[in-house]
Amino acid sequence: RARGLGTRYAVHEGSPEREATRHLQILTHLRTALDDDQLSLHYQPKIDLASGRVSGVEALMRWQHPEWGNVRPDEFIPLTEQTRLIQPLTEWTLQQALRDRRFMLQRGIDVPIAVNLSSGLLRSREIVRMVAQVLSEPPGNGWLQLELTETAMMEDPERSLQILRELVELGAPIHVDDFGAGYSSLGYLQRLPVDTIKIDRVLIQHVDRDARSAALTGAAAEFAHVLGLKVIAEGVETATLYRQLADLGCDAVQGYFIARPMPRTDFIDWFERQGG
Ligand code: C2E
Ligand code: CA
Ligand code: CA
Ligand code: CA
C-alpha cells in the first residue's frame with residue numbers, strides 16, 4: 001500500500017494500523033515517564049469485615065502525561081508485558097511502594113501494601129530479585145503483598161510454582177486477583193502457595209441482582225475457607241453489597257463504597273478521619 005501524505009487520514013479510527021502506532025507511542029512516552037516523575041501510586045483501602053478496620057491497601061498505578069492527561073493503567077500496562085519495559089516498570093512500582101510504606105509508617109499507619117504484578121513476570125527469576133531487594137531495605141519485611149491473576153499463575157504452572165514459592169519464602173504473601181473472571185478452576189488453588197483470593201468485580205457487581213452470582217460468591221468463599229485462604233470482594237459500590245458480602249462469608253471488602261484509590265497523602269487524611 002502506498003504511503004504518503006494523507007495516509008493517516010485514510011486510516012480509520014481504531015484500525016489496526018492506528019492502534020499499533022498508538023501503542024508504540026505509549027511505550028515510547030512511558031520510558032520518559034519512568035525517568036520524569038509522571039508515574040505515581042494511588043492507594044485504595046480494604047476493610048476487614050469482622051473488625052471494621054483497614055486491613056490493607058492496594059497500590060494502583062497512575063500516569064499523568066503532560067499532554068495526554070491521565071492514561072489508564074489498563075491501557076498501558078498490558079502493552080509493556082510484551083517488552084522489556086515491564087522489568088523497570090515493576091522495579092519502579094516496588095520501590096515506590098517501599099517509599100510510600102515508609103511515608104505511611106512515619107505517620108503512624110501500619111497497613112500492608114498490595115502491589116499488582118503483571119502476567120509474564122513469573123517467567124523469570126528477576127521478580128524474585130526485585131522483591132528480595134525491597135524487602136531487604138528498612139523497614140524490612142512483613143508489609144508487601146503481591147496480587148497476581150490466576151491466568152498469570154497458570155501460564156507455565158511448573159515454573160510459576162517455583163517462583164511463587166520463593167516469593168512467599170521472602171515474606172510476600174500471594175493474593176489471587178480477579179478470581180472468577182477467567183476459567184477459575186478451584187482445584188489449582190490447593191496446589192499453589194496462595195494466601196487470599198480477591199473475587200473479581202464483575203462477579204461481585206451482580207451479587208445483588210442475580211442469585212447465581214451470589215451463590216457462586218458464597219461457594220467460592222466457602223471453598224477458599226476450607227483451604228485456609230482469606231477472601232476479599234473487590235468493586236463494592238453500595239451498602240447493600242457490603243452487607244450481602246458479609247453474609248456470604250467474605251473477610252474483607254474493597255471498592256468505591258469505602259473509598260476510591262487516592263494519592264498517599266489523601267489516603268492518610270482519609271485513614272485519620274476514619275480513626276483507623
Ligand atoms: P485490578 O488489579 O483488578 O484493580 C482494580 C481496579 O478496579 C482498579 O482500576 C480500581 O481503581 C478499580 N476499582 C476499585 N474499586 C472499584 C469499584 O468499586 N468500582 C469500579 N467500577 N472499579 C473499582 P485501575 O486503577 O484503573 O486499574 C486497572 C488495572 O490495571 C488493575 O486491575 C490492574 O490489573 C492494573 N494495574 C494497576 N496498577 C498496576 C500496577 O502497578 N502494576 C500492574 N502490573 N498492574 C496494575
Ligand atoms: Ca489488583
Ligand atoms: Ca482485581
Ligand atoms: Ca482487573
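Read the numbers this way: they start at 1 and go in the same order the structure lists the ligands and their atoms.
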Colleague: Out of the candidates Asp48, Asp251, Asp195, only one should pair with Lys230 under the salt bridge (charged side-chain N to carboxylate O under 4.0 Å, His left out) rule; please name it.
Modeller: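 Exactly one option meets the salt bridge (charged side-chain N to carboxylate O under 4.0 Å, His left out) with Lys230, and it is Asp195.
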
Colleague: Using a 4.0 Å heavy-atom cut-off, which part of Pro261 comes near ligand 1: side chain, backbone, both, or neither?
Modeller: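 Just the side chain.
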
Colleague: For residues 258-276, please give each side-chain donor-acceptor pair under 3.5 Å, one per line with the distance, not counting sequence neighbours.
Modeller:
unit_1	atom_1	unit_2	atom_2	d
Arg264	NH1	Asp100	OD1	2.7

Colleague: Side chain, backbone, both or neither: which part of Ile77 has a heavy atom under 4.0 Å from ligand 1?
Modeller: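 It is the side chain that gets close, since no backbone atom is under 4.0 Å.
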
Colleague: Is it the side chain (CB and beyond), the backbone, both or neither of Asp177 that lies under 4.0 Å from ligand 1, heavy atoms counted?
Modeller: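 Side chain only.
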
Colleague: Quick test of your reading of the structure: of Thr80, Leu60, Leu89, Leu41, whose heavy atom lies closest to atom 31 (C) of ligand 1?
Modeller: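 Comparing heavy atoms across Thr80, Leu60, Leu89, Leu41, the nearest one to atom 31 (C) of ligand 1 lies in Leu60.
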
Colleague: Before moving on, can you tell me the angle at the Ca ion (ligand 3) between the OD1 atom of Asp178 and the OD1 atom of Asp177, to the nearest 10 degrees?
Modeller: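 Computed angle, vertex at the Ca ion (ligand 3), rounded to 10 degrees: 90°.
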
Colleague: With no hydrogens and no angle check, do the side chains of Gln254 and Gln44 hold a donor and an acceptor under 3.5 Å apart?
Modeller: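 The criterion, which ignores hydrogens and geometry beyond distance, is satisfied for Gln44 and Gln254.
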
Colleague: Kindly confirm or rule out an N or O of Tyr256 lying under 3.5 angstrom from an N or O of ligand 1.
Modeller: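 Such a contact does occur with ligand 1.
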
Colleague: Can a donor-acceptor pair be found, under 3.5 Å and without considering hydrogens, that links the side chain of His175 to the backbone of Asp177?
Modeller: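 Flag not set: sc His175 to bb Asp177 has no pair under 3.5 Å.
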
Colleague: At under 4.0 Å between heavy atoms, is it the side chain or the backbone of Asp178 that contacts ligand 1, or both, or neither?
Modeller: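 Near ligand 1, Asp178 shows its side chain, while the N, CA, C and O stay back.
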
Colleague: Run His29 and Trp68 through ring pair (Phe, Tyr, Trp, His ring centres under 6.0 Å) and show every step you take.
Modeller: CA-CA 10 Å; His29 284 243; Trp68 305 340; 4.4 Å; yes

Colleague: Does Arg72 reach ligand 1 with a nitrogen or oxygen that is under 3.5 Å from one of the ligand's nitrogen or oxygen atoms?
Modeller: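 Between Arg72 and ligand 1 (N or O atoms, distance only) the closest approach is not under 3.5 Å.
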
Colleague: Quick test of your reading of the structure: of Gln44, Lys198, Arg62, His42, whose heavy atom lies closest to atom 14 (C) of ligand 1?
Modeller: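 Going through Gln44, Lys198, Arg62, His42 one by one, Gln44 has the nearest heavy atom to atom 14 (C) of ligand 1.
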
Colleague: Could you list the donor-acceptor pairs under 3.5 angstrom formed between side-chain atoms of residues 237-250 and any protein atom two or more places apart in sequence or on another chain?
Modeller:
unit_1	atom_1	unit_2	atom_2	d
Glu237	OE2	Gln205	NE2	2.9
Thr238	OG1	Leu241	N	3.1
Gln244	NE2	Val207	O	3.4

Colleague: Would you please classify the geometry between the Tyr188 ring and the Phe179 ring as parallel, tilted or perpendicular, with 30° and 60° separating the classes?
Modeller: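 Because their plane-to-plane angle lies in the 30° to 60° range, the rings of Phe179 and Tyr188 count as tilted.
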
Colleague: Would you say Glu147 has any N or O atom under 3.5 Å from an N or O of ligand 1, going by distance alone?
Modeller: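 No, Glu147 has no N/O under 3.5 Å of an N/O on ligand 1.
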
Colleague: Any N or O of Pro73 that comes nearer than 3.5 Å to an N or O of ligand 1?
Modeller: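 Between Pro73 and ligand 1, no N or O pair is found under 3.5 Å apart.
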
Colleague: Nearest 10° is fine: what angle sits at the Ca ion (ligand 2) between OE1 from Glu147 and OD1 from Asn116?
Modeller: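 Angle OE1(Glu147)-the Ca ion (ligand 2)-OD1(Asn116): 90°, rounded to 10°.
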
Colleague: Just so I know, are the side chains of Lys198 and Asp178 near enough to count as touching, which here means a heavy-atom distance under 4.5 Å?
Modeller: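 Answer no - side chains too far apart.
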
Colleague: Which one holds for Glu75 and ligand 1: side chain close, backbone close, both close, or neither close, with close meaning a heavy atom under 4.0 Å?
Modeller: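 It is neither part, as no heavy atom is under 4.0 Å.
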
Colleague: Side-chain contact, heavy-atom cut-off 4.5 Å: Val231 with His225?
Modeller: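 A side-chain contact under 4.5 Å exists here.
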
Colleague: Run down the list Arg260, Glu234, Glu237 and name the one with the heavy atom closest to atom 20 (C) of ligand 1.
Modeller: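 Ranked by closest heavy atom to atom 20 (C) of ligand 1, first place is Glu237.
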
